[in-house]
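This chain uses plain numbering: 1 for the first residue, then up along the sequence. Here the structure is a predicted model, which is why all the values come from computation and not from measurement.
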Amino acid sequence: MRPFAYERATSAEDALRRHQDGAVYLGGGTNLVDLMRLGVEEPARLVDVAHLPYDRIELRPDGSLVIGAAVTNSAVAADRTVREGHPVLAQAVLAGASGQIRNLATVGGNLLQRTRCSYFQDASKPCNKRAPGSGCPAREGEHHNLAIMGHSDACVATHPSDMAVALAALDASVRVRGRGGERTIPIEDLYRLPGDEPQRDTTLEAGDLITAVEVPELGVPSRYRKVRERASFAFALVSIAAALDVDGGRVRDVRLALGGVAHKPWRARRAEEALRGAEATEESFVRAAEAELEAAEPLRDNAYKVPLARNLIVRTLTELGEES
């Protein structure tokens with residue numbers, strides 16, 4: 001591991017001041033420190049922001065939530081207001097990692113996990129995410145758990161955060177403190193597809209600090225389901241965050257986001273559009289899933305994700321429809 005300096009920020013302004021060339025913000029460190037040990041990340045300085053005053057969950061009068069970036073994942077999953085008002089979020093967090101990791105990992109750090117690919121994590125291999133222009137060996141190599149949607153010739157990695165998938169379905173936004181002041185970014189706009197710049201996972205600018213997540217009121221049945229290769233501490237083959245509002249047997253509104261299929265949480269807009277106003281039946285759910293997955297471009301060894309995603313969408317929506 002490359003030697004590095006460690007500093008603890010005392011405020012957002014102090015964090016921005018300390019974030020100079022070669023510096024990286026440190027939250028719980030559960031992803032960053034692993035990448036440092038592998039030689040993938042080599043920051044010159046760690047600026048600890050885990051102790052800044054962003055460690056509370058606020059329930060607003062309108063039913064929305066403000067979740068501080070320094071709140072731990074365990075605290076999110078255990079919070080009564082989250083479990084009762086936004087169960088899909090609590091379920092996603094619990095599906096995300098072991099209890100020990102959830103106790104350390106912060107909301108801000110969870111959202112900024114690097115995308116998942118074994119070649120990215122192996123510093124001895126070429127990888128466009130680590131060394132732009134060096135190539136993407138995953139396309140012809142080991143890619144059974146990589147992207148089927150939105151990928152490019154430069155990168156087929158997948159986004160690993162379960163929490164981010166739930167927040168995408170919830171139309172959440174992130175508060176960001178930058179050198180130009182504070183702004184709010186819709187969660188969908190926080191992440192980006194790889195294109196020809198796969199080294200950029202997000203749209204954040206240098207020094208930007210996530211301070212909180214804003215989650216609108218939900219008020220309808222919701223669920224997070226994750227298919228993985230083993231029962232504990234495994235990344236998603238495919239996951240889904242869904243919320244369904246049924247009135248008189250027809251879909252009044254629906255929210256769908258998929259994980260494990262793209263470089264970012266994948267908001268299933270085509271499926272949502274196909275469902276609004278349709279009968280809340282298994283046949284409608286199948287048509288909507290197929291409409292979304294028409295855009296899939298599986299590689300040699302991950303085409304199984306297409307029927308897996310279809311079945312996951314149909315089963316989850318059917319169950320939610322029975323609850324409505």
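Using a cutoff of 4.0 Å between basic side-chain nitrogens and carboxylate oxygens, E319 and R225 are scored as salt-bridged. Taking the charged nitrogens against the carboxylate oxygens, R175 and E182 have no contact shorter than 4.0 Å, which rules out a salt bridge. Between E197 and R200, at least one side-chain nitrogen of the basic residue sits less than 4.0 Å from a carboxylate oxygen of the acidic one, meeting the salt-bridge criterion. The existence of a salt bridge linking R177 and D208 is excluded, since no basic side-chain nitrogen approaches an acidic carboxylate oxygen closer than 4.0 Å.
Between I57 and T81 there is a side-chain heavy-atom pair separated by less than 4.5 Å. When side chains are defined from C-beta on, L65 does not count as touching E214, because their heavy atoms never get closer than 4.5 Å. No side-chain heavy atom of F285 sits less than 4.5 Å from a side-chain heavy atom of R315. Residues P87 and R223 fail the side-chain proximity criterion, which asks for heavy atoms closer than 4.5 Å. At a threshold of 4.5 Å between non-hydrogen side-chain atoms, the residues V306 and Y304 do not count as touching. For the pair E41/L32, a side-chain contact is recorded, criterion being any heavy-atom separation below 4.5 Å from C-beta on. For the pair V238/V261, a side-chain contact is recorded, criterion being any heavy-atom separation below 4.5 Å from C-beta on. Using a 4.5 Å cut-off on side-chain heavy atoms (C-beta onward), F120 and L35 make contact.
For the residue pair Y191/D201, the side-chain donor-acceptor check at 3.5 Å is not satisfied. H144 and E229 share a donor-acceptor pair across their side chains, judged by distance under 3.5 Å alone. A side-chain donor from one of H51 and R8 sits under 3.5 Å from a side-chain acceptor of the other.
For the atom pair CG of D153 and SG of C136, the computed distance is 9.0 Å after rounding to the nearest 0.5 Å. For the atom pair CD1 (I67) and CZ (R56), the distance works out to 15.0 Å, reported to the nearest 0.5 Å. One finds the CD atom of E13 at 10.0 Å from the CG atom of L209 (value rounded to the nearest 0.5 Å). Atoms CG and CD1, on L190 and I210 in that order, are 5.5 Å from each other to the nearest 0.5 Å. Taking CZ of R287 as the reference point, atom OG1 of T281 lies at 6.0 Å (rounded to 0.5 Å). The OH atom of Y25 sits 5.0 Å away from the NE2 atom of H19 when rounded to the nearest 0.5 Å.
Taking hydrophobic clusters as Ile, Leu, Val, Met, Phe, Trp and Tyr residues chained together by side-chain heavy-atom distances below 4.5 Å, I187 shares a cluster with Y224. The hydrophobic cluster containing I148 does not contain F235, counting ILVMFWY residues as joined when their side-chain heavy atoms lie under 4.5 angstrom apart, directly or transitively. Under the 4.5 Å side-chain heavy-atom criterion for grouping Ile, Leu, Val, Met, Phe, Trp and Tyr, L38 is not connected to I101 through any hydrophobic cluster. Under the 4.5 Å side-chain heavy-atom criterion for Ile, Leu, Val, Met, Phe, Trp and Tyr, V88 and V254 are members of distinct hydrophobic clusters. Criterion: ILVMFWY side-chain heavy atoms under 4.5 Å apart, direct or through other members. Under it, V213 and I185 are part of a common hydrophobic cluster.
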Legend entry - Candidate pair T202 and L112, rule side chain to side chain contact (heavy atoms under 4.5 Å, CB included), full reasoning: CA-CA 8 Å; T202 73; L112 296 181; 4.0 Å; yes
Inset, instruction - Check the pair T106, D55 against side chain to side chain contact (heavy atoms under 4.5 Å, CB included), reporting the backbone distance first and the verdict last. - result: CA-CA 9 Å; T106 62; D55 59 349; over 6 Å; no
Inset, instruction - May I have the step-by-step check of side chain to side chain contact (heavy atoms under 4.5 Å, CB included) for T115 and T158, ending in yes or no? - result: CA-CA 5 Å; T115 44; T158 50; over 6 Å; no
Legend entry - F4/V24 under side chain to side chain contact (heavy atoms under 4.5 Å, CB included): CA gap, chis, key distance, verdict: CA-CA 10 Å; F4 59 91; V24 174; over 6 Å; no
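When the shell of 6.0 Å around CD of E42 is examined, it contains more than 12 heavy atoms from other residues, nucleotides or ligands. Atom CZ of R139 has more than 12 neighbouring heavy atoms from other residues, nucleotides or ligands inside a 6.0 Å radius. Within a 6.0 Å radius of CG in D62, other residues, nucleotides and ligands contribute more than 12 heavy atoms.
A donor-acceptor pair under 3.5 Å is absent between the side-chain atoms of H86 and the main chain of S64, judged by distance alone. At least one donor-acceptor pair under 3.5 Å links the side chain of R250 to the backbone N or O of G277. A donor-acceptor pair is defined here as one N or O able to donate and one able to accept, closer than 3.5 Å; such a pair exists between the side chain of R255 and the backbone of A169. Side-chain atoms of S134 come within 3.5 Å of backbone atoms of A131 as a donor-acceptor pair (strictly under, hydrogens ignored). Of the possible polar contacts, one joining the Q113 side chain to the N110 backbone as a donor-acceptor pair under 3.5 Å is found. Judged purely by atom type and a 3.5 angstrom limit, R300 uses its side chain to pair as donor or acceptor with the backbone of E140. A donor-acceptor distance shorter than 3.5 angstrom exists from the side chain of R83 to the backbone of A78, with no hydrogens or angles considered. Between the side chain of S152 and the backbone N or O of G195 there is at least one donor-acceptor pair closer than 3.5 Å. Using a distance-only test at 3.5 Å, with no hydrogens or angles considered, a donor-acceptor pair links the side chain of N128 to the main chain of A154. Checking side-chain atoms of E292 against main-chain N and O of A271 turns up a donor-acceptor pair under 3.5 Å.
Closest approach of V66 and A212 over heavy atoms only: CG1-CB, 4.0 Å. The two residues T316 and A242 make their nearest non-hydrogen contact at CG2-CB, 4.0 Å. Nearest approach of G85 to L218, heavy atoms of both residues: O-CB, 3.6 Å. Here the closest non-hydrogen pair linking A303 and P298 is CA-CB, 3.5 Å. Of all the heavy atoms in L16 and G207, the pair that sits closest is CD2-O, 3.0 Å. R130 approaches D122 most closely through the heavy-atom pair NH2-O, 2.8 Å.
Shown are L167, D79, L94; of these, the side-chain contact (heavy atoms from CB on, under 4.5 Å) with L89 is made only by L167. The side chain to side chain donor-acceptor pair (under 3.5 Å) with H263 is formed by just one residue from the set H159, R116, K129, H151; it is K129.
The side-chain contact (heavy atoms from CB on, under 4.5 Å) test applied to R269 returns D171, E188, R267, E272, not counting sequence neighbours.
Other residues sharing a hydrophobic cluster with L146 under the 4.5 Å side-chain heavy-atom criterion for ILVMFWY residues are V156, L299.
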